[in-house]
Asker: 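Here you go, one structure.
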Protein chains: 2
Amino acid sequence: MERLFGSVTIKINDKIFVKDPASSDLGKRIIEQSILMINDIGFEGFTFKKLGLQIGSNESSIYRYFENKHKLLLYLTSWYWGWLEYQLVFATNSIGDTSEKLKKAIEIVTRPTVKDSAFSHINEVLLSNIVINEYSKSYLTKEIDTENKEGYFVIYKRMIERFNEMIHAVDSEYKYPSSLASTILEGSLHQYFLKDHFPSLTDCHEKGDTTKYFTDLVFHTLKAKQNG
Amino acid sequence: MERLFGSVTIKINDKIFVKDPASSDLGKRIIEQSILMINDIGFEGFTFKKLGLQIGSNESSIYRYFENKHKLLLYLTSWYWGWLEYQLVFATNSIGDTSEKLKKAIEIVTRPTVKDSAFSHINEVLLSNIVINEYSKSYLTKEIDTENKEGYFVIYKRMIERFNEMIHAVDSEYKYPSSLASTILEGSLHQYFLKDHFPSLTDCHEKGDTTKYFTDLVFHTLKAKQNG
DNA sequence: CAAATATAATAGTATTACTATCAATATATG
DNA sequence: CATATATTGATAGTAATACTATTATATTTG
């Protein structure tokens with residue numbers, strides 16, 4: 001993907017980390033290698049001790065960046081949503097027609113992830129796998145309400161809000177724009193999970209199917225006006 | 001809900017437990033109290049030691065019923081889906097019209113749960129809360145593929161398959177019946193979660209809204225034939 | 001070069017998620 | 001009714017996890 005200027009950074013709520021991992025070499029290695037490790041052995045099996053071993057650093061050093069692995073997961077998933085949001089805005093900004101805009105937006109968030117060379121230490125393909133397999137665990141906790149208040153989920157919520165608005169622009173009469181927006185984002189992750197582990201529970205097996213499925217669902221549900 | 005004969009039991013894959021908890025008094029207390037505890041302190045905070053304390057029994061005794069708390073969660077959630085499946089079949093069995101049948105099915109799985117007096121040691125309302133908050137964790141693991149092969153998710157998969165068939169009966173041309181079925185089941189849990197913790201991400205705030213949202217979504221998407 | 005800062009090494013703690021052993025008790029059967 | 005058998009309870013022990021604390025050693029910067 002072509003960018004207008006070379007250095008875009010994804011801004012993460014600084015309550016999520018103790019020290020900004022983007023600010024140092026060690027921090028970047030923590031992010032880079034934690035993505036590889038969580039993708040490999042899963043979030044449950046992942047520990048700071050193992051990560052320290054892999055990056056040739058010490059457990060205690062990692063604790064100076066993140067309070068615990070839950071916060072690290074929040075960081076990674078926030079980064080992913082921020083990155084996706086950037087692509088979403090970039091790709092839809094110039095589209096005037098409301099239906100075309102929504103169509104493009106659905107495509108952006110439901111298509112398979114490809115590597116973005118702009119962020120060298122982050123493998124977006126593996127990260128999107130982590131989001132598919134682990135994102136729910138970041139909010140299905142007893143701490144959800146306090147963490148939500150702290151703003152740990154703002155980027156995700158803003159994404160949903162953007163869809164909400166695009167849906168409203170297509171059909172202002174539709175009664176469930178937020179629910180539909182949530183269904184697209186969360187449902188897309190779920191369809192990718194099903195494809196890999198419960199293939200009989202999905203019809204989205206080929207590249208592009210998930211996009212088609214949600215596009216079909218949304219545009220049958222909304223009453224698009226001419227030149228909305 | 002009225003039943004035809006007094007004792008219906010929900011059959012659970014016997015690989016999930018070491019000893020059938022339905023077969024003894026202690027087993028039933030394990031189920032009863034684990035529902036209260038998991039609902040209360042969450043699956044992460046829940047341990048067999050705490051449960052033993054609460055039911056006045058011993059940690060080691062609980063291990064004679066379940067290998068670990070993950071298996072106990074599989075048991076509880078399987079029971080829930082089995083219970084819901086029973087209601088689904090019972091309520092839709094006699095409906096001839098395919099659209100009416102699907103409509104009823106959507107209603108059954110998207111409406112709020114109410115207590116069923118037929119199973120005295122199980123609080124279905126709390127259990128449905130557990131399913132909303134913890135079900136994903138039972139399959140978002142590195143063991144998913146082996147556990148799926150062992151048949152730990154058969155009831156859930158059968159539910160989706162039933163929806164798949166009902167959708168097909170309404171519109172045999174529709175290309176994504178399994179995906180849509182998955183979206184209804186998984187999406188419904190998600191809408192209930194959002195209502196409690198991210199209210200701005202859903203429009204389903206009042207009783208009946210989730211049912212209306214999914215009914216609207218499904219019947220706009222499918223082309224129902226007259227007397228299908 | 002000195003002071004400040006970042007990182008590494010080591011040790012230690014409470015809790016978790018079990019396993020093993022043995023005693024006590026309840027239940028079944030002959 | 002006695003004995004075998006199954007069930008449950010109590011206690012102890014282990015390896016790993018999820019940290020915290022302290023001190024030592026680099027590295028940066030003023």
Asker: Base, backbone or nothing for each nucleotide of nucleotides 24-30 of chain D, written B, S, -, heavy atoms under 4.0 angstrom, 5' to 3'?
Answerer: -------
Asker: Just how far is it from atom CD of A/Glu85 to atom OG of A/Ser78, taken to the nearest 0.5 Å?
Answerer: 11.0 Å
Asker: What residues from residues 37-55 of chain A pass a heavy-atom cutoff of under 4.0 Å to DNA chain C?
Answerer: none
Asker: Could you tell me whether A/Lys149 and A/Asp145 make a salt bridge, using a distance below 4.0 angstrom between a side-chain N and a carboxylate O?
Answerer: no
Asker: Could you note down all residue pairs passing ring-ring contact (aromatic ring centres under 6.0 Å, His included) where residues 121-140 of chain B supplies at least one of them, sequence neighbours left out?
Answerer: A/Phe193-B/Tyr139, B/Trp81-B/Tyr135, B/Tyr135-B/Tyr139, B/Tyr135-B/Tyr156
Asker: Heavy atoms only, 4.0 Å cut-off, all strands: where does B/Glu59 land among base, sugar-phosphate and nothing?
Answerer: base
Asker: Under a plain distance cut-off of 3.5 Å, with no hydrogens placed, do B/Thr113 and B/Glu124 share a side-chain donor-acceptor pair?
Answerer: no
Asker: If you measure from CD1 on B/Ile31 to CD1 on B/Ile122, what distance do you get to the nearest 0.5 Å?
Answerer: 6.5 Å
Asker: Could you work out, with side-chain contact (heavy atoms from CB on, under 4.5 Å) as the rule, every residue matching A/Lys157, not counting sequence neighbours?
Answerer: A/Asn148, A/Phe153, B/Phe198, B/Ser200, B/Leu201
Asker: Mind listing the side-chain donor-acceptor pairs of residues 59-67 of chain B below 3.5 Å, one per line with the distance, residues two or more places apart or on another chain?
Answerer:
{"unit_1": "B/Ser60", "atom_1": "OG", "unit_2": "B/Asn58", "atom_2": "OD1", "d": "2.8"}
{"unit_1": "B/Tyr65", "atom_1": "OH", "unit_2": "B/Ser24", "atom_2": "OG", "d": "2.5"}
{"unit_1": "B/Glu67", "atom_1": "OE2", "unit_2": "B/Lys71", "atom_2": "NZ", "d": "2.8"}

Asker: Each nucleotide in nucleotides 4-9 of chain D should get exactly one letter: B, S or -. Can you fill that in based on protein heavy atoms under 4.0 Å?
Answerer: ---SBB
Asker: Within this structure, what is the CG-CZ distance for the pair A/Leu88 and A/Phe163, rounded to the nearest 0.5 Å?
Answerer: 5.5 Å
